[in-house]
Amino acid sequence: MSKLVVIGSSSMDLVVSAAKRPSAGETIIGDSFKTVPGGKGANQAVAAARLGADVLMIGCVGKDNYGKAILDNFKKNNVRIDYVEPVTHYDTGTAHIILAEGDNSIIVVKGANDLLTPDYIDKAKDVIQAADIVLIQQEIPEETVEHVAELCHSFQVPLLLNPAPAREISQNVIEKAAYLTPNEHEVTILFKGLTKDEALKKYPNKLFITEGKRGVRYFDGEKEVLVPSYKVEAVDTTGAGDTFNAAFAVALSEGKSVKESLQFANRAASLSVTKFGAQGGMPTRDEVERKLQ
Ligand code: ATP
C-alpha cells in the first residue's frame, strides 16, 4: 500500500437551496438545507483513501460539532487523523452555499484552517519524510505551502501541488514541487505573461493542465500531449478536480508512469461526475478498475 500524506483544508459545507437569492435586508423561505463535509484537502484525502492508498491527513478543525462530524467522516473513509488537531480557540472552517436560480453563491469562512501553520507542519515532519508522495492545495496559508515545498524537497519526497483556489505562487515553490495541476483558469494566474503552450514547454512532465471533459494536457519533453478523459453522462462536476488530483497522486505513488497515472486520474474523475456531491461521487478502487476492463 502506498503512503500518501495530504496537507490541506477541512470544512463543513452548509448548503441551502431556494427558489431565489434574498436581496439585502430580505428574508425568504428556502426549500432545503444539508451539511456535507468538504474542503479541498479533506476531499482529496477521502478520494485517495477510496482508491486504496494509506492516507494520512494533516489539518485543523474546531472542537465543535462540525469538527467532530469531519473527523467521523475521515474515520469512516479510512483516512488517518493523527495530525488533524481539534482546536478550542477557532471554529471549524465552513462554506456557506446558496443554490438558487441554477447557480451557486458561496461564502467561505476559513476558521481553523488558518491554524495550519509551518510550526504545525513541523510536528508531522517524520510522516512527511516517510511518505511516497505529499499532496497539497491552496485553501491554507501561503507560507505553509512554501514550507512544505522546502521540506519535501529536502526529504526528496515528491510534492504534488494542486494550485487551487488560484493565487500567485513563488518561483521557489514552482521549482520545488514535483507536479503542478492547475485547471485552465488557475494556469493563467500561475504563469502570468506566458501562454499555456509556453508554460507547458517550460515545465515538461511537471505542469499538467486539467481541461474538464477534454482531459489533461502536458509537455512530455518532446511534444504536447492531451490525455483524453472518458465520455460519461455528467450530472455534477463538483469535486472532479479533487478526485483527479487524488487519483493522480495515488497512481504516481504506486510507481505508475506519468501517462498511466493521468489515464487513471481521468478514469476516476470522469466516474466522479456521474454522481451528485463532491465526496458522494468519488469512486472506489474497484469501480475504477472495472472501468479499465
Ligand atoms: P472542479 O472545480 O469542478 O472540481 P476543476 O476545475 O479543478 O474541477 P476540471 O479541469 O474541470 O478541474 O476537471 C478535472 C478533471 O476531471 C479533468 O481533467 C477530467 O479528467 C475530469 N472531468 C471533469 N469534467 C468531466 C466531464 N464532464 N467528463 C469527463 N471527465 C471530466
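We count ligands from 1, going down the list as the structure has it; atoms in each ligand are counted the same way. In this chain, residues are counted from 1 in sequence order.
Salt bridge Lys202/Glu198: absent, no basic N to carboxylate O contact under 4.0 Å. For the pair Lys123 and Glu85, the salt-bridge criterion is met [side-chain N within less than 4.0 Å of a carboxylate O]. Arg267 has no carboxylate O lying under 4.0 Å from a charged side-chain N of Glu287, or vice versa, which leaves the two without a salt bridge.
Sorted pairs that involve residues 110-120 and meet side chain to side chain donor-acceptor pair (under 3.5 Å), not counting sequence neighbours, are lacking altogether.
By the side-chain hydrogen bond (donor to acceptor under 3.5 Å, both in side chains) test, Asp64 is found to be paired with Thr92, residues two or more places apart in sequence or in another chain being considered.
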Report each N/O pair between ligand 1 and the protein that falls under 3.5 Å, naming both atoms.
from     : atom 1 : to     : atom 2 : distance (Å)
ligand 1 : 3 (O)  : Thr237 : O      : 3.1
ligand 1 : 4 (O)  : Gly239 : N      : 3.4
ligand 1 : 4 (O)  : Ala240 : N      : 3.1
ligand 1 : 4 (O)  : Gly241 : N      : 2.9
ligand 1 : 6 (O)  : Asn183 : ND2    : 2.9
ligand 1 : 8 (O)  : Gly241 : N      : 3.3
ligand 1 : 10 (O) : Thr210 : O      : 3.4
ligand 1 : 10 (O) : Thr210 : OG1    : 2.8
ligand 1 : 10 (O) : Gly212 : N      : 2.8
ligand 1 : 18 (O) : Gly215 : O      : 3.0
ligand 1 : 20 (O) : Asn266 : OD1    : 2.7
ligand 1 : 30 (N) : Ser229 : OG     : 2.9

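With side-chain heavy atoms closer than 4.5 Å counting as contact, directly or through intermediates, Ile28 stands alone and belongs to no larger hydrophobic cluster.
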